[in-house]
Amino acid sequence: MELSTIKDAFERVVKKQKLCSSRSQEVIDLVGREIEQALTRLLSAHDPTSPVDYRSILAELKLKLNGIGPIHQLEGSHKELNGNLSRYTKLLEKSLNPDISKAYRDVDFDHHIENQLIANHFYRQGSFDLGDGIIDEAGEPESTILKSQFVVMHQILEAMKVKNLEPALNWVSANREKLNQSGSNLELKLHSLQFLEILKKGTQADALKYARTCLAPFASPASPHKEEVLKLMGCLLYPGRLDSSPYSEFTSPTHWEKSMEDLTRQFCSLLGQSYNSPLSMTIAAGLEGLPTLLKLANVMAAKKQEWQAMKQLPVPVELGKEFQFHSIFVCPVSRDQGSEENPPMLMPCLHVLCKQSILKLTKSSTRTFKCPYCPAEASAAQCRQLYF
């Protein structure tokens with residue numbers, strides 16, 4: 001959705017608000033000064049050597065305030081602000097649909113799975129009290145199975161935030177075989193960070209000892225990480241002053257952030273969980289598809305068609321690649337999604353249709369039909385079922 005127009009309108013409102021505020025403050029300060037001056041003159045009435053005419057002072061103050069015209073000035077600046085604010089509100093109502101409930105459909109969900117998704121989302125984020133609250137209200141204590149694992153993960157991450165790598169290294173050591181099978185280099189990353197932390201304290205001998213013990217296995221001739229480790233060894237020449245050395249790139253905080261991200265990814269993978277929370281992915285996919293669904297709901301309402309009665313959407317909802325976890329085939333003729341009962345079929349001309357569409361086109365397995373996309377003809381017997 002294009003939001004540049006809305007952003008420009010918002011910035012104009014902000015600019016007018018700042019200008020209005022500045023003008024209002026100037027008027028208030030000017031009125032305040034005139035009142036203070038009048039008060040000073042009134043208080044001087046206690047001096048018997050200089051008699052004061054109260055009425056003339058107040059009349060003069062009134063005359064000056066009328067000359068300033070504070071109400072007129074404030075009304076003018078506020079009128080400009082309200083005009084821009086009103087136009088911005090109308091633009092929002094025109095550009096954004098305020099009632100997203102139009103796209104809602106009654107779908108039967110498994111409430112047990114829903115509760116698990118929500119609770120595990122909070123556990124994954126480290127909000128264990130919120131997750132426990134969801135579980136208690138739903139009455140599903142068995143949904144806390146993953147909680148203890150996520151507690152361990154967050155204990156490791158919290159330790160890494162204060163440059164304590166011991167818990168992370170212990171976890172990697174305990175799961176080394178599984179991590180190697182997945183091709184992860186997390187162990188090397190953690191040992192590299194530990195090596196650099198030792199070296200930054202100025203203890204070159206300790207850093208060299210640690211490298212011989214923990215980094216040497218990654219520098220063997222057959223290791224794909226040999227070059228990386230050799231470059232890392234150049235840091236030994238600059239103990240205590242890595243920040244100003246040719247190897248200062250190794251001291252960037254991004255290495256810690258990436259290692260924490262990688263550890264989270266590997267931890268979730270070994271638990272059989274995705275890196276991103278299923279709940280957050282579902283919401284993100286819904287937000288991306290929402291404009292299309294709202295437009296479709298409005299079109300159907302205008303045609304007096306029942307949105308809730310649809311068994312499938314008449315148009316595809318395009319989502320980004322990050323939401324595509326497996327291939328889906330939609331028949332270009334029937335718009336039906338491929339399934340085990342209605343698999344995609346490859347025709348001799350290399351175009352693909354669903355099996356039911358081919359059967360409808362041929363009427364029988366002995367007749368030929370023309371491909372909807374090219375002049376080629378084929379029979380159902382010539383079409384080959386694709387793997388589903």
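- Judged by the 6.0 Å distance and 45° axis criteria, R124 is not positioned over the aromatic ring of F150.
- Remark: M347 CE to L353 CG distance equals 4.0 Å, nearest 0.5 Å.
- Put simply, NZ on K355 and OG on S339 are 10.5 Å apart, with the number rounded to the nearest 0.5 Å.
- One hydrophobic cluster, built from ILVMFWY side chains closer than 4.5 Å, cannot hold both V172 and Y275; they sit in different ones.
- Ring planes of F218 and H225: perpendicular class, angle over 60° (limits at 30 and 60°).
- Comment: E158 engages K161 in a salt bridge, judged by a side-chain N to carboxylate O separation of less than 4.0 angstrom.
- In this view, H191 and Y210 satisfy the ring-ring contact (aromatic ring centres under 6.0 Å, His included) rule, not counting sequence neighbours.
- Between the CG atom in L169 and the SG atom in C214 there is a gap of 7.5 Å [rounded to 0.5 Å].
- Residue E166 qualifies as open at atom CD: its count of foreign heavy atoms under 6.0 Å is 12 or below.
- S269 places no side-chain N or O within 3.5 Å of a backbone atom of R265 that could act as its donor or acceptor partner.
- Between Q25 and D29, the side chains place a donor N or O and an acceptor N or O closer than 3.5 Å (distance only, hydrogens not considered).
- One finds the OH atom of Y88 at 11.0 Å from the CZ atom of R12 (value rounded to the nearest 0.5 Å).
- More than 12 non-hydrogen atoms from other residues, nucleotides or ligands lie less than 6.0 angstrom from CG of L230.
- Listed for the T203 side chain is no donor-acceptor partner under 3.5 Å among the backbone atoms of A205.
- For the atom pair CD (Q116) and CD1 (I145), the distance works out to 7.0 Å, reported to the nearest 0.5 Å.
- Note: the hydrophobic cluster containing L63 does not contain L30 (ILVMFWY, side chain heavy atoms under 4.5 Å, direct or indirect links).
- A salt bridge does not link K231 with E227: every distance from a Lys NZ or Arg NE/NH1/NH2 to an Asp or Glu carboxylate oxygen is 4.0 Å or more.
- The side-chain contact (heavy atoms from CB on, under 4.5 Å) test applied to A211 returns F195, L215, M233, not counting sequence neighbours.
- Of the candidates F267, F128, F122, F128 is the only one forming a ring pair (Phe, Tyr, Trp, His ring centres under 6.0 Å) with H154.
- A salt bridge links E197 with K200: the distance from a Lys NZ or Arg NE/NH1/NH2 to an Asp or Glu carboxylate oxygen falls below 4.0 Å.
- Checked by atom type, the side-chain pair Y123/D132 shows a donor-acceptor distance below 3.5 Å.
- With S86 contributing its side chain and N82 its backbone, the two residues share no donor-acceptor pair below 3.5 Å.
- One finds the OG atom of S192 at 6.0 Å from the CD atom of E228 (value rounded to the nearest 0.5 Å).
- Under 4.0 Å is where a charged nitrogen must lie from a carboxylate oxygen, and between E60 and K64 at least one such pair does.
- T254 and S252 share a side-chain donor-acceptor pair at under 3.5 Å.
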